[in-house]
Amino acid sequence: MGQPAERESGERAAQGAAHPELPPGQRLQKGWPVTHYGPVPKFRPERWEFRVFGATADGGKHCWNHEEFTALPYATVVADLHCVTKFSMVGAEWGGIPARTVVDIAPPAPDVTHVMVWAEYGFSSNLRLEDFTSARSLFATHKDGELLTAEHGFPLRLIVPHLYAWKGPKWVRGVEYMTADRRGFWEERGYHNVGDPWREQRYSYQEEPGEGPEL
Ligand SMILES: Nc1nc2c(c(=O)[nH]1)N[C@H]1C(S)=C(S)[C@@H](COP(=O)(O)O)O[C@H]1N2
Ligand SMILES: [Mo]
């Protein structure tokens, strides 16, 4: 994403032609490249936990270990992945735990408006509560019936189909409920606070008043 330290590997055999199902400015990507900042974390099941914290309804913290979290009801969502660097990967079937399920089990306080989704090494992304709880947002463990690979986010990544892919952290470890908006990792570094690919909300300079906290 325009940052020199960002690693991008894998096939970049993008097809040049515009695709009617793709958001504006995006092109189809063959295969599935790996795109992220920093190293791939090692999964240590005995140390892994998923935490919901911040402004919870009961004021407490909710934690699941890996076995507990992956035992939550499984669902699938077919969704595309749109990287702000302009490639899209279409038609994946993601499997995992709906974000809605987590919110139902560990509800936010009534004044919560946003969430920060936290991943390994302090990576984060902020979302409006309604984007996070949209019916298609999923904490994915699988893609096309197979467990995610380490570089694609194993054991858990968030998929928010209607937003750019940086809004879906790989190696996700928890959710913070917030009563005011705050920028996550890329949102602090020049990317749009909302990130709707259909409106081409790529960069923070495009933000309209009310779309993000002051920079
Ligand atoms: N933890 C973490 N998650 C991340 C990122 C990152 O840098 N760190 N990059 C995001 C971006 S910009 C994209 S496009 C997708 C890429 O997912 P993929 O590597 O599985 O294609 O992961 C997203 N999730
Ligand atoms: Mo991206």
Side-chain angles (χ1 to χ4, degrees), residues 1-14 22-44 48-51 77-96 99 115-127 131-132 136-176 183-198 200-204 206:
M1 299 192 0
Q3 302 287 323
E6 166 135 334
R7 254 193 41 187
E8 288 210 21
S9 59
E11 258 189 331
R12 300 231 26 155
L22 293 183
Q26 294 295 111
R27 53 181 188 266
L28 260 192
Q29 171 76 40
K30 270 201 208 145
W32 189 13
V34 172
T35 307
H36 59 263
Y37 177 82
V40 174
K42 186 167 161 40
F43 174 52
R44 295 190 184 79
W48 192 94
E49 59 169 15
F50 187 91
R51 293 198 309 149
V77 168
V78 174
D80 306 337
L81 198 130
H82 306 298
C83 178
V84 72
T85 62
K86 300 198 169 179
F87 69 81
S88 293
M89 194 266 285
V90 300
E93 186 202 75
W94 305 95
V115 303
M116 189 71 79
V117 180
W118 288 99
E120 302 284 358
Y121 300 135
F123 183 86
S124 62
S125 185
N126 58 315
L127 294 160
D131 288 324
F132 179 64
R136 279 157 51 75
S137 298
L138 186 79
F139 287 106
T141 53
H142 290 72
K143 181 192 163 269
D144 296 324
E146 290 184 17
L147 273 181
L148 293 172
T149 57
E151 59 270 27
H152 285 302
F154 179 80
L156 197 67
R157 75 180 294 168
L158 180 65
I159 298 293
V160 185
H162 65 286
L163 299 179
Y164 282 118
W166 88 79
K167 289 288 189 181
K170 305 193 276 192
W171 315 294
V172 58
R173 290 289 300 274
V175 176
E176 177 186 357
R183 289 176 192 270
F185 184 86
W186 287 120
E187 294 83 4
E188 268 186 339
R189 290 168 174 76
Y191 290 91
H192 197 284
N193 192 58
V194 178
D196 179 348
W198 299 96
E200 268 204 277
Q201 294 176 330
R202 297 179 189 272
Y203 308 111
S204 53
Q206 299 171 292

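One-based numbering, in listed order, for ligands and for the atoms of each.
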(message) Below 4.0 Å from ligand 1: does a non-hydrogen atom of G153 turn up there or not?
(response)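 False for this residue.
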(request) Say whether H82 and ligand 1 are in contact under the criterion: heavy-atom distance to a ligand atom below 4.0 Å. (result)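 Flag not set, H82 not near ligand 1.
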(message) According to salt bridge (charged side-chain N to carboxylate O under 4.0 Å, His left out), who are the partners of E188, at least two apart in sequence or on a separate chain?
(response)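 E188 satisfies salt bridge (charged side-chain N to carboxylate O under 4.0 Å, His left out) with no residue once adjacent residues are dropped.
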(message) The criterion is salt bridge (charged side-chain N to carboxylate O under 4.0 Å, His left out); which residues satisfy it with D131, sequence neighbours excluded?
(response)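 Once residues adjacent in sequence are excluded, the partners of D131 under the salt bridge (charged side-chain N to carboxylate O under 4.0 Å, His left out) criterion are R128.
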(message) Would the distance check show the side chain of Q29 and the main-chain N or O of S88 forming a donor-acceptor pair, the cut-off being under 3.5 Å?
(response)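 No: the side chain of Q29 does not pair with the backbone of S88.
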(request) Give a yes or no on whether the backbone of C83 and the side-chain of Q26 come within a donor-acceptor separation of less than 3.5 Å. (result)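 Yes, because the side chain of Q26 sits within donor-acceptor range (under 3.5 Å) of the backbone of C83.
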(request) Sort out for me which residue in Y121, F185, Y191 forms a ring pair (Phe, Tyr, Trp, His ring centres under 6.0 Å) with Y37. (result)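 Among the candidates, only F185 passes.
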(request) Give yes or no for whether the N/O distance cutoff of 3.5 Å, strictly under, is met between E151 and ligand 1. (result)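 Min N/O separation from ligand 1 is not below 3.5 Å for E151.
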(message) Looking only at distances, can you tell me whether any N or O atom of W171, backbone or side chain, sits closer than 3.5 Å to an N or O atom of ligand 1?
(response)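 N/O-N/O distance below 3.5 Å does not exist for this pair.
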(request) Select the closest option to atom 5 (C) of ligand 1 among Y164, F123, Y191, F87, judged by heavy-atom distance. (result)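 The nearest heavy atom belongs to F123.
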(request) Check each of M89, R173, H36, R157 against atom 22 (O) of ligand 1 and report the one with the nearest heavy atom. (result)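 Checking each option, the heavy atom nearest atom 22 (O) of ligand 1 is found in R157.
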(request) Specify side chain, backbone, both or neither for W32, according to which of its non-hydrogen atoms lie closer than 4.0 Å to ligand 1. (result)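 Only the side chain of W32 comes within reach of ligand 1.
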Which atoms from ligand 1 have a heavy atom of [X] less than 4.0 Å away?
{"X": "P169", "answer": "3 (N), 24 (N)"}
{"X": "V34", "answer": "19 (O)"}
{"X": "P33", "answer": "18 (P), 19 (O), 21 (O)"}

(message) Using side chain to side chain donor-acceptor pair (under 3.5 Å), reason through K170 and H36 one step at a time and then give a plain yes or no.
(response) CA-CA 9 Å; K170 305 193 276 192; H36 59 263; 3.1 Å; yes
(request) Could you tell me whether K167 and E187 have a side-chain N and a carboxylate O separated by less than 4.0 Å? (result)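 So K167 pairs with E187 through a salt bridge.
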